[in-house]
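This chain uses plain numbering: 1 for the first residue, then up along the sequence.
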Amino acid sequence: MNEASQPFTEPAPPAPGAARRSIKAYLVGGGIASMAAAAFLIRDGDLLGHDITIFEETDKVGGSLDGAGSPKVGYVLRGGRMIERKYLCTYDLFSSIPTLDESKSVTDEIFAWNETMKTSSKSRLIRNGQRQTAPDFGLSERHILTIERLAIEPEGLLGASTIADQFDPTFFKTNFWFMWCTTFAFQPWHSAVEFKRYLVRFAHMVSGFDRLEGIMRTVYNQYDSMVRPLHKWLDARGVVFARGTRVIDLHFRTEPDGTSVTRIDTEREGWGGQVEVASGDLVLVTLGSMTEASSLGSMNRAPSGGAETAGTKSGTGAWALWKKIADDRPEFGNPSVFSDHVGRSKWVSFTTTLYDLTLLRVMRDLTGNVPGEGGLITFPESSWLMSIVIPHQPHFIDQPADVGVFWGYGLKVDDPGDFVRKPMAACTGREIMTEMLGHLHVTTDLSTIIETCLCVPCMMPFITSQFLPRNKGDRPDVIPAGTKDIACIGQFCEMPEDVVFTVEYSIRSAQTAVYKLLGLKREPPPVYKGRFDPRVLFNAFLALHDIHA
């Protein structure tokens with residue numbers, strides 16, 4: 001049996017007068033939530049690194065904040081999360097984490113970088129091959145009144161309703177919707193409650209939304225700039241990373257003072273293992289997975305996946321574990337609400353490596369932005385509702401100066417394209433590039449660009465599963481009711497004042513879990529509430545009415 005899959009053996013009780021056995025913590029999932037929790041356990045909870053074990057099914061940590069590749073084979077990242085100045089938990093964590101070269105903290109690096117490279121899009125939308133600078137939102141008074149109503153309406157009244165239940169069909173043709181839905185990846189059938197939370201959470205950004213002002217970037221992709229420094233910090237302190245190890249079940253014991261985990265069942269390379277959890281030890285579980293069952297294509301091959309693949313994958317991995325622990329335990333939520341509707345949670349992203357920089361020059365001249373300055377560019381006329389991001393170069397630490405990288409995605413992946421008459425989900429990298437260049441009206445350099453690039457599409461069946469309509473209780477509390485020494489972290493726990501599909505949500509859940517489990521007399525930084533700032537509300541009012549001060 002592999003050493004990593006052997007059961008842990010609880011040492012004999014300490015002799016009278018001896019020091020108490022150290023608290024051990026077991027973290028399920030190797031994404032940013034577990035890594036952040038490990039850091040908070042060490043930094044604020046005084047746990048020893050070697051008493052913390054992170055179980056990760058794959059051979060790489062970072063979860064959905066991934067990034068891989070090389071100049072030779074091309075680069076791939078499934079996506080990147082938006083960050084902004086009010087992500088207080090994120091910056092609190094990374095203020096303690098040095099950059100890879102240890103010259104400053106990651107937080108200091110991000111803020112310094114964004115003083116140099118301020119986001120100010122001059123082409124948030126491109127129609128008919130022409131940029132639209134600071135496009136009007138185009139909202140009617142009825143649309144604005146609905147937005148204002150949603151901002152104050154209690155979530156209990158919205159229930160499991162969708163965004164489409166709240167707005168008339170004309171709303172989904174407005175520039176506001178095109179910009180909002182592609183920045184955050186909303187669909188009309190997604191949760192009205194989550195849409196409301198976004199409106200409230202980002203009220204301070206509405207006034208600059210037509211230029212993406214306030215959106216911040218890391219120097220490199222988020223794996224290189226955030227995950228790798230955090231991993232290095234944890235590794236230096238002895239945190240145990242049990243990679244290639246899947247947690248397949250948790251065993252519980254219910255006592256008068258609450259339910260706790262007694263054993264963790266694992267699987268590694270076909271071998272089963274058991275970890276005995278002693279009384280007082282901690283178990284933090286990242287529920288579900290946005291990127292489970294992801295499938296990569298190639299320049300000449302479409303990715304596999306979609307409903308067929310996801311139907312099998314929702315019964316394995318992170319989804320299977322959640323379903324097991326929630327079976328007959330309503331305090332752990334209802335995972336099927338999020339895992340069993342792939343047709344409403346999937347989309348396709350793509351990463352393109354450029355071995356000729358012609359396209360970067362074309363985009364600079366078309367958009368008026370240098371790479372890294374403009375942010376997301378959306379094609380509202382695209383049948384796939386395609387968007388692209390041209391980041392600052394290099395986007396990877398080892399990326400040569402003569403190689404470029406950019407990323408994009410489509411929200412309507414089952415509809416035929418406008419230049420390639422196939423659904424995006426069925427397209428190769430070559431076909432996706434052909435469609436994109438068609439919307440850019442690139443003709444002169446078309447063959448040069450396509451023949452000197454490598455586009456890798458990625459199907460992600462569960463990528464917006466956390467946005468699906470839900471009822472109260474479908475997502476468990478960070479500390480589920482009636483439990484002790486257990487926490488649920490990541491994108492599928494419930495924190496009413498913050499918004500999912502953000503790095504901040506995962507890190508806030510981790511910080512909340514650690515402080516509560518350890519009984520620390522401290523709280524995570526409060527969520528910024530710009531909705532109570534009269535200046536924020538006034539500026540948002542002007543922007544929604546297309547009044548430019």
Side-chain angles (χ1 to χ4, degrees), residues 67 69 71 74-75 77 79-80 82 113-135 175 178-179 182-183 208-222 224-225 349-382 386-410 419 429 432-456:
Y75 296 96
L77 43 88
M82 183 202 85
W113 177 249
N114 284 274
E115 285 299 313
T116 301
M117 184 61 70
K118 288 184 180 292
T119 302
S120 182
S121 173
K122 301 181 187 303
S123 56
R124 180 62 185 86
L125 303 177
I126 289 183
R127 283 187 169 93
N128 194 31
Q130 300 295 315
R131 68 171 179 161
Q132 292 185 280
T133 301
N175 285 341
F178 287 129
M179 291 187 281
T182 53
T183 299
F209 205 65
D210 53 358
R211 291 182 180 269
L212 293 175
E213 292 174 350
I215 288 179
M216 301 172 70
R217 307 289 177 187
T218 51
V219 177
Y220 300 103
N221 65 83
Q222 290 167 348
D224 281 343
S225 288
S349 70
F350 59 96
T351 314
T352 301
T353 304
L354 303 168
Y355 297 100
D356 178 288
L357 302 183
T358 297
L359 181 60
L360 296 186
R361 293 191 289 271
V362 168
M363 293 304 298
R364 177 200 64 193
D365 295 342
L366 172 62
T367 65
N369 288 122
V370 298
E373 184 183 62
L376 199 70
I377 301 165
T378 293
F379 308 109
E381 297 168 325
S382 165
M386 180 189 283
S387 300
I388 59 174
V389 179
I390 311 292
H392 180 267
Q393 307 294 314
H395 197 43
F396 287 78
I397 286 178
D398 67 346
Q399 181 183 326
D402 59 350
V403 173
V405 175
F406 74 94
W407 177 87
Y409 83 114
F419 300 90
I432 288 173
M433 285 297 294
T434 300
E435 182 78 7
M436 185 200 80
L437 293 170
H439 282 287
L440 289 170
H441 287 205
V442 172
T443 55
T444 304
D445 299 302
L446 180 65
S447 60
T448 298
I449 293 169
I450 290 182
E451 296 307 319
T452 58
C453 78
L454 179 61
C455 178
V456 179

J.: Using a 4.5 Å cut-off on heavy atoms from C-beta on, say whether the side chain of Pro391 contacts that of Phe406.
T.: yes

J.: Has the side chain of Arg124 got a donor or acceptor atom that lies under 3.5 Å from a matching backbone atom of Met179?
T.: yes

J.: Look at the aromatic rings of His439 and Phe379 and report parallel, tilted or perpendicular, splitting at 30° and 60°.
T.: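 Because their plane-to-plane angle is under 30°, the rings of His439 and Phe379 count as parallel.
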
J.: Sequence neighbours excluded, which residues qualify as side-chain hydrogen bond (donor to acceptor under 3.5 Å, both in side chains) partners of Asp445?
T.: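 For Asp445 there are no side-chain hydrogen bond (donor to acceptor under 3.5 Å, both in side chains) partners, ignoring immediate neighbours.
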
J.: Centroid-to-centroid, His392 to Trp113, below 6.0 Å?
T.: yes

J.: For Ser123, which of Arg131, Gln130, Arg211 qualifies under side-chain contact (heavy atoms from CB on, under 4.5 Å)?
T.: Arg131

J.: Quick one: are Val456 and Phe350 in side-chain contact, heavy atoms under 4.5 Å?
T.: no

J.: State, with a plain yes or no, whether a side-chain heavy atom of Leu77 is found less than 4.5 Å away from one of His395.
T.: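 Yes - at least one pair of side-chain heavy atoms lies under 4.5 Å apart.
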
J.: Counting N and O atoms only, with roles assigned by atom type, does the side chain of Tyr355 sit under 3.5 Å from a partner on the main chain of Leu454, one being a donor and the other an acceptor?
T.: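 Absent.
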
J.: Between Glu213 (side chain only) and Ser120 (backbone N and O only), is there a donor and an acceptor less than 3.5 Å apart?
T.: no

J.: Output yes when a side-chain donor or acceptor of Asp224 lies under 3.5 Å from a complementary backbone atom of Ile397, and no otherwise.
T.: yes

J.: Between Glu451 (side chain) and Ile449 (backbone), is there a donor-acceptor pair under 3.5 Å?
T.: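 Here the side-chain-to-backbone pair does not exist.
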
J.: So, do Met82 and Leu376 sit near enough that their side-chain heavy atoms are less than 4.5 Å apart?
T.: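 The answer is no, as the side chains (C-beta and beyond) never meet within the 4.5 Å cut-off.
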
J.: Within the distance-only criterion (no hydrogens, no angle test), does the side chain of Thr133 pair as donor or acceptor with the backbone N or O of Lys122 below 3.5 angstrom?
T.: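 Judged by distance alone, yes, a pair lies under 3.5 Å.
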
J.: Of all heavy-atom pairs between Thr378 and Thr182, which one has the smallest distance, and what is that distance?
T.: OG1-OG1, 3.0 Å

J.: Using side-chain heavy atoms (C-beta onward) and a distance below 4.5 Å, is Ile432 in contact with Met386?
T.: yes

J.: Please work out which of the three classes, parallel, tilted or perpendicular, describes the rings of Phe396 and Tyr75, given edges at 30° and 60°.
T.: parallel

J.: Show the nearest heavy-atom pair for residues Thr119 and Ile215, with the distance to one decimal.
T.: OG1-O, 2.9 Å

J.: Looking only at heavy atoms, which two atoms of Leu212 and Gly374 are closest? And how far apart?
T.: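 So the minimum-distance heavy-atom pair works out to CD1-O, 3.6 Å.
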
J.: Do you know which two heavy atoms are closest between Pro380 and Arg127, and how far apart they sit?
T.: CB-NH2, 3.6 Å

J.: Work out which heavy atom in Ile450 is nearest to a heavy atom in Thr434; give both atom names and the distance.
T.: CD1-OG1, 3.5 Å

J.: Determine the minimum heavy-atom distance between Glu381 and Asn128, stating which atoms define it.
T.: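 Scanning both residues, the minimum pair turns out to be OE1-N, 2.7 Å.
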
